[in-house]
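Residue indices begin at 1 and follow the sequence shown. Every heavy atom of this structure was used, including side-chain atoms; hydrogens, water molecules and symmetry mates were not.
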Amino acid sequence: MAKQVGITITEHILRQQRENPRATGAFTTLLNELIVAAKVISREVNKAGLVDILGGTGEVNVQEEQVQKLDVFANRVIFERMCHMGQLCCMGSEEVADLIDIPSQYPKGNYILVFDPLDGSSNIDVNVSIGTIFGIYKRESKDANEEVLLDDVLQPGSKQVAAGYFIYGSSTMMVYTTGDGVHGFTLYPSVGEFLLSHENIRIPERGKIYSVNESYCGYWDEKTKAAIDYFKTKDKKTGRPYTARYVGSLVADFHRNLLKGGIFMYPADLKDPKKPTGKLRLMVEANPLAMVVKQAGGYASDGHGPILDVQPEELHQRVPLFIGSRKDVEVAEAFISGKMGPG
Ligand code: AHG
Ligand code: MN
Ligand code: MN
């Protein structure tokens, strides 16, 4: 598609629909509704410093983490916007323990939406970028009215038909893929439209940035320590040491590395013996970004193989995540899987 200044996200999605002879428009409707939800969340995020919406609700989510009010708000906005338009058979959210059914009064479709309504929630009240992450699957060969089972939803990330994120930063952006490259749109706030600003994003093959919460190094095994040491070791040929950048919102850390090149890591650690697989969630965080990075020419690994090949066992499964520039992630994977050693 030739670059065209001023093209809206709606037009972009419609063009992609026209290029797919089997498209019915259902998917286009779905994405458009999600965009409306994100605009509502964006507006609320922008005024977070102005209204009394900061601080925790005092509740904890299904992962035993403090829930902040904007998480609850974002979750509700997405549910309410997406439940009635007839394209989804169910949803899965980071904030909700079980699958979210479509209320019986509404028609159902064949798509499944999984999402992290607000990622980086610890950054809400300090004005650091946060975001919404989403992945879309198709329910395989079932009647739309048949009850949706967890097994219908537990598909590997490679089955996603679309994925992406919204980032609420110095500007609000949508970055998405339907399997035909990665495209970025920036919200023009006073007009309320997302305009194409980053066409066909490609991540550099090798980056200059490593992003990891190094305060956990005491909880890492030797292979993980060696992987992270690699990026800090001097080597002229590969441009090391890399520079460190980590703000603690996956969306923001990922987005920066996608545009500039680099690797984001959230390895397995022994911090919480109940959660030996790291913190990030396979279905609502790792898989959508893994599809995006792959479409941009990068790679996402759990340390042993592609994230997109992991068969989920549960909705809220956690997974170690190494994601970003292909060569950097391959090196990290080689250390974690024992193919490369220290020295
Ligand atoms: P969420 O706000 O959706 O719970 O996600 C927070 C995640 C992710 O955004 C970030 O990369 C990570 O938590 C940071 O965790 P640490 O504070 O352990 O580094
Ligand atoms: Mn998150
Ligand atoms: Mn979240």
Side-chain angles (χ1 to χ4, degrees), residues 9-10 12-17 19-20 22-39 41 74-75 77-96 99-102 106-117 119 131-142 144 148-167 174-185 194 251 254 281-296 300 307-308 310 312 315-317:
I9 179 79
T10 313
H12 196 269
I13 295 168
L14 281 169
R15 281 185 189 187
Q16 292 208 323
Q17 181 191 318
E19 279 166 24
N20 177 356
R22 284 174 302 141
T24 59
F27 182 65
T28 303
T29 312
L30 194 167
L31 273 182
N32 276 328
E33 283 300 310
L34 190 60
I35 289 163
V36 177
K39 285 183 197 171
I41 297 168
N75 191 62
V77 169
I78 295 175
F79 168 71
E80 286 174 358
R81 280 234 73 87
M82 303 306 290
C83 70
H84 56 77
M85 40 95 190
Q87 316 304 354
L88 294 177
C89 57
C90 72
M91 295 180 239
S93 165
E94 185 213 309
E95 297 296 337
V96 182
L99 284 183
I100 307 170
D101 292 328
I102 303 301
Y106 299 126
K108 286 187 186 168
N110 272 322
Y111 289 103
I112 297 162
L113 173 69
V114 292
F115 58 97
D116 178 353
D119 173 68
T132 298
I133 307 174
F134 65 92
I136 300 171
Y137 296 82
K138 213 160 182 186
R139 190 181 181 193
E140 289 183 335
S141 65
K142 291 261 172 66
V148 188
L149 303 172
L150 189 55
D151 276 354
D152 295 318
V153 177
L154 298 180
Q155 302 181 35
S158 56
K159 296 269 173 101
Q160 287 170 116
V161 294
Y165 57 88
F166 297 88
I167 179 166
M174 176 186 184
V175 174
Y176 88 113
T177 180
T178 53
D180 183 23
V182 179
H183 309 287
F185 297 79
F194 280 99
V251 159
F254 175 81
R281 299 82 172 172
L282 174 62
M283 295 213 65
V284 298
E285 295 177 317
N287 272 336
L289 300 184
M291 180 177 183
V292 169
V293 87
K294 183 176 180 191
Q295 283 291 319
I307 285 281
L308 292 171
V310 176
L315 187 59
H316 295 285
Q317 184 169 328

Measure the shortest side-chain to side-chain distance between Ile13 and Gln17 over non-hydrogen atoms and say whether it is less than 4.5 angstrom.
no
What pair of heavy atoms forms the shortest contact from Gln295 to Val182, and how long is it?
CB-CG2, 3.4 Å
Kindly compute the distance separating CZ (Phe134) from CG (Asn287), expressed to the nearest 0.5 Å.
13.5 Å
Which distance, rounded to the nearest 0.5 Å, do you find between the CG of Asn32 and the CG of Leu14?
7.0 Å
For this output row, return yes or no: ring centroids of Tyr165 and Phe254 closer than 6.0 angstrom.
yes
Please check this pair: side chain of Gln155 against backbone of Asp152, looking for a donor-acceptor N/O pair closer than 3.5 Å.
yes
Does the side chain to side chain contact (heavy atoms under 4.5 Å, CB included) test come out yes or no for Gln87 and Lys108, once each step is laid out?
CA-CA 6 Å; Gln87 316 304 354; Lys108 286 187 186 168; over 6 Å; no
Closest heavy-atom pair, Gln160 versus Leu308, reported as atoms and distance to 0.1 Å, is NE2-CD2, 3.8 Å
Asp116: partners by side chain to side chain donor-acceptor pair (under 3.5 Å), with sequence neighbours left out:
none
So, taking the atom named NE2 in His12 and the one named CG in Leu31, what distance separates them when rounded to the nearest 0.5 Å?
11.5 Å
Looking only at non-hydrogen atoms, find the nearest pair between Leu113 and Met82 and report the distance.
CD2-CG, 3.9 Å
Taking C-beta and beyond as the side chain, do Leu150 and Leu99 meet within less than 4.5 Å on heavy atoms?
yes
Mind checking whether Phe185 and His183 have side chains closer than 4.5 Å, heavy atoms only?
yes
Could you pull out the closest heavy-atom pair between Val284 and Glu94, with the gap in Å?
CG2-CB, 3.9 Å
Name all residues meeting the side chain to side chain donor-acceptor pair (under 3.5 Å) criterion together with Glu33; count only those two or more places apart in sequence or in a different chain, and write none if there are none.
Arg81
Side chain of Thr132, backbone of Phe166: donor and acceptor closer than 3.5 Å?
no
Close side-chain approach of Asn75 to Phe115, heavy-atom, < 4.5 Å
yes
Hey, mind stepping through Met283 and Gln317 against side chain to side chain contact (heavy atoms under 4.5 Å, CB included) and telling me if it holds?
CA-CA 7 Å; Met283 295 213 65; Gln317 184 169 328; 5.9 Å; no
To check you understand the geometry: which heavy-atom pair defines the closest contact between His84 and Pro107, and what is its length?
O-CD, 4.2 Å
Atom of Ile133, atom of Pro288 and distance for their closest heavy-atom approach
CG2-CB, 3.6 Å
Give the C-alpha distance, both sets of side-chain angles, the deciding distance and a yes or no for side chain to side chain contact (heavy atoms under 4.5 Å, CB included) between Val114 and Met91.
CA-CA 6 Å; Val114 292; Met91 295 180 239; over 6 Å; no
What about Phe27 and Tyr111, are their ring centers closer than 6.0 Å?
yes
Going from CD1 on Ile100 to CD1 on Ile78, what distance comes out if it is rounded to the nearest 0.5 angstrom?
9.0 Å
With side chains defined as the heavy atoms from C-beta onward, is the minimum distance between Leu282 and Ile307 less than 4.5 Å?
yes
May I have the step-by-step check of side chain to side chain contact (heavy atoms under 4.5 Å, CB included) for Ile112 and Lys138, ending in yes or no?
CA-CA 6 Å; Ile112 297 162; Lys138 213 160 182 186; over 6 Å; no
Interatomic spacing from CD1 in Ile136 to CE in Met291 - rounded to 0.5 Å
9.5 Å
